[in-house]
Amino acid sequence: MEQTLALNDTPSSTNARVLLGLMMVAALVVFIDMAVGTRGIDIGTDTPVYAGLYQSMTHHGLVQSRFEPVFYYLTAAIAGLGVSLTTYQSVLFLVMIGTVLVASRRYHDYLQSQTSYMTFLVAALLFLFVSPVMSNASINVVRQGLASLLVFTALLAFHQRQWRAFFLWGLLAAGFHYSAFLYLMFAPVLLLKPKLQRALGICAFLAYCSGLTMVLVRALVPAMYTLLMAYEGGTNYKTGVRLDFAVFSLFWYLLPFIVAPLVHEPVRDRIKRSTAIYLVLMLPFFAVGWGTFSNRYLLPAWLSASLIVAAICCDNRFSPLRNPVVLRLGLLAATGLFYFYVTRGIVV
């Protein structure tokens, strides 16, 4: 039962509240899904690529492609139904929402919070929709967007020593985008003691900010350095060390420790321990995040930050922050903001 329920609430009133919350979430998701599905192919730099693949499969069946197997055969299955491009884009967004449900459910179970899952889901969607990162994952880097929260789920399973779940979720994530392997490769860091994890994170942060990781890769693996710097050459993207991205990412890692006194125990301790997963998600960026479009390496970390902030909100000592009515009103506003992101093509 939620901490905010009154003592005289009956099971029927609780069920009604949950049902209303579910209906609201479903309605808002459908609203956003329509916006994502009906967007033009000029919204999102990668959208024309996915549209081209889908249209080719619609007219010619299976075609040669460099795309990962899960994404490829999902596209093929939808194309086989003969539905429109709008429907295809809508289905991909619904699959993205499915990854949100999986990640939020698993994280809520890990936290063992007394706050209901429905309230936590509302908070998670609120903070995801507020962030342009979710817009990027939904209308631009769709394959990596589909993989990102599955990577978080896989690392959460590793953190809990659930090896089978780690491999299953990890393989599914890689089936959407091969970059998942880059994050899973750093999973053994979760076996270290928290102090060692933090020390490693500090060293990685300083090595990146000083340009050391860029110098090392250029000296030791020049072919990789050339590839990363030449990726999508000709764009106006600023390459090199991005202190703005590094400091912004570090802030979300430190936030749970800064606000820890405001969070109820024992959820407070579990949130702090789960920051190790966020740290692992940052390590690939610290290693090679100086090339073109290096912010894409931070997509899983920035998306998972919304789940961590939602957890902080739902178990906060400041009761208005965890009030279900306040959170639902916030989700309504966040949905409007997300609609603005999608229709204007605003991404990070």
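Here the structure is a predicted model, which is why all the values come from computation and not from measurement.
Using a 4.5 Å cut-off on side-chain heavy atoms (C-beta onward), Ser116 and His108 make no contact. Using a 4.5 Å cut-off on side-chain heavy atoms (C-beta onward), Ile271 and Tyr107 make contact. No side-chain heavy atom of Ile277 sits under 4.5 Å from any side-chain heavy atom of Tyr183. Within the 4.5 Å cutoff, side-chain heavy atoms of Phe257 are placed close to those of Arg198. Looking at heavy atoms from C-beta onward, Phe93 lies out of side-chain contact with Ile139 at the 4.5 angstrom threshold. Contact of the Val91 side chain with the Val83 side chain is not registered, since no non-hydrogen atoms from C-beta on lie closer than 4.5 Å. Using a 4.5 Å heavy-atom threshold, the side chains of Tyr110 and Arg273 count as touching. In this structure, the side chains of Val309 and Trp252 come closer than 4.5 Å at one or more pairs of heavy atoms.
Distance check: Ser135 OG to Leu128 CG gives 12.0 Å after rounding to the nearest 0.5 Å. If you take CG on Leu53 and CD on Gln55, they are separated by 10.0 Å, rounding to the nearest 0.5 Å. Atom CZ in Phe129 sits 11.0 Å away from atom CG in Leu332 (nearest 0.5 Å). Interatomic distance, OG of Ser304 versus CG of Leu155, reported as 9.0 Å (0.5 Å rounding). A distance of 8.0 Å separates OG1 of Thr58 from CG of Leu85, quoted to the nearest 0.5 Å. To the nearest 0.5 Å, the span separating CD1 on Ile258 from CZ on Phe251 amounts to 6.0 Å.
In this structure, Phe248 places its CZ atom where more than 12 heavy-atom neighbours from other residues, nucleotides or ligands lie under 6.0 Å away. Counting non-hydrogen atoms of neighbouring residues, nucleotides and ligands closer than 6.0 angstrom, the CZ atom of Arg161 exceeds 12 such neighbours. Shown here is Leu196, whose CG atom has more than 12 heavy atoms of other residues, nucleotides or ligands within 6.0 Å. Heavy-atom neighbours of Met185 CE from other residues, nucleotides or ligands within 6.0 Å: above the threshold of 12. Counting non-hydrogen atoms of other residues, nucleotides and ligands closer than 6.0 Å to CE of Met24 gives a total above 12.
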| field | Verdict with reasoning, Gln89 to Thr47, per side chain to side chain contact (heavy atoms under 4.5 Å, CB included) | value | CA-CA 9 Å; Gln89 293 182 152; Thr47 299; 3.5 Å; yes
| request: For Trp169 and Phe158, run ring pair (Phe, Tyr, Trp, His ring centres under 6.0 Å): C-alpha distance rounded to whole Å, both residues' side-chain angles, the deciding distance at 0.1 Å, then the answer. | output: CA-CA 10 Å; Trp169 292 118; Phe158 191 99; over 10 Å; no
| After noting the C-alpha distance and the side-chain angles of Met118 and Leu22, does the key distance pass the side chain to side chain contact (heavy atoms under 4.5 Å, CB included) rule? | CA-CA 7 Å; Met118 179 53 64; Leu22 182 61; 3.8 Å; yes
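Contact between Phe152 and Ala103 at its shortest, heavy atoms only, is CD2-CB, 4.2 Å. Between Ser249 and Met282, the shortest heavy-atom contact is CB-SD, 3.6 Å. The minimum heavy-atom distance linking Ala301 with Tyr278 is given by the pair O-CE1, 3.0 Å. The two residues Pro256 and Ile312 come nearest to each other via the heavy atoms CA-CD1, 4.0 Å. Smallest separation of non-hydrogen atoms from Ala173 and Ala147: O-CB, 3.3 Å.
Under a 3.5 Å cut-off, the side chain of Asn140 and the backbone N or O of Thr45 do form a donor-acceptor pair. No side-chain donor-acceptor contact under 3.5 Å links Ser104 to the backbone of Leu121. The backbone N or O of Gly175 sits nowhere less than 3.5 Å from a side-chain atom of Glu68 that would complete a donor-acceptor pair. Side-chain atoms of Asp315 never come within 3.5 Å of backbone atoms of His264 as a donor-acceptor pair (strictly under, hydrogens ignored). Arg328 places no side-chain N or O within donor-acceptor distance of the main-chain N or O of Val325, the cut-off being under 3.5 Å. A donor-acceptor pair is defined here as one N or O able to donate and one able to accept, closer than 3.5 Å; such a pair exists between the side chain of Thr115 and the backbone of Cys314. Listed for the Arg268 side chain is a donor-acceptor partner under 3.5 Å among the backbone atoms of Ala260.
No chain of hydrophobic side-chain contacts below 4.5 Å, direct or via other Ile, Leu, Val, Met, Phe, Trp or Tyr residues, connects Val221 to Leu212. Under a hydrophobic-cluster definition in which Ile, Leu, Val, Met, Phe, Trp and Tyr are linked whenever side-chain heavy atoms come within less than 4.5 Å, directly or via other members, Val30 and Val25 are assigned to different clusters. By the criterion of side-chain heavy atoms lying less than 4.5 angstrom apart, applied directly or through intervening Ile, Leu, Val, Met, Phe, Trp or Tyr residues, Tyr50 is grouped together with Leu81 in one hydrophobic cluster. Leu331 and Leu20 fall into different hydrophobic clusters, where Ile, Leu, Val, Met, Phe, Trp and Tyr residues are linked whenever their side-chain heavy atoms come under 4.5 Å apart, directly or through other members. In the hydrophobic clustering of this structure, Met96 does not group with Met34; members are Ile, Leu, Val, Met, Phe, Trp, Tyr whose side-chain heavy atoms approach within less than 4.5 Å, directly or through other members.
Applying the side-chain contact (heavy atoms from CB on, under 4.5 Å) test between Met134 and each of Phe338, Phe127, Tyr341 identifies Phe338 as the sole match. For the ring pair (Phe, Tyr, Trp, His ring centres under 6.0 Å) with Trp290, the qualifying choice from Tyr208, Tyr225, Phe285 is Tyr225, the only one to do so. Tested against Asp109 for a side-chain hydrogen bond (donor to acceptor under 3.5 Å, both in side chains), the candidates Gln112, Arg106, Arg105 yield a single pass: Arg105.
In this model, no donor atom of one side chain and acceptor atom of the other lie less than 3.5 Å apart for Thr87 and Ser90.
Taking Ile, Leu, Val, Met, Phe, Trp and Tyr as members and joining any whose side-chain heavy atoms lie under 4.5 Å apart, directly or through other members, Leu171 forms no hydrophobic cluster with any other residue.
For Phe245 and Tyr297, the ring centers sit 6.0 Å or farther from each other.
Under a 4.0 Å N-O distance rule, the pair Asp46/Arg296 qualifies as a salt bridge.
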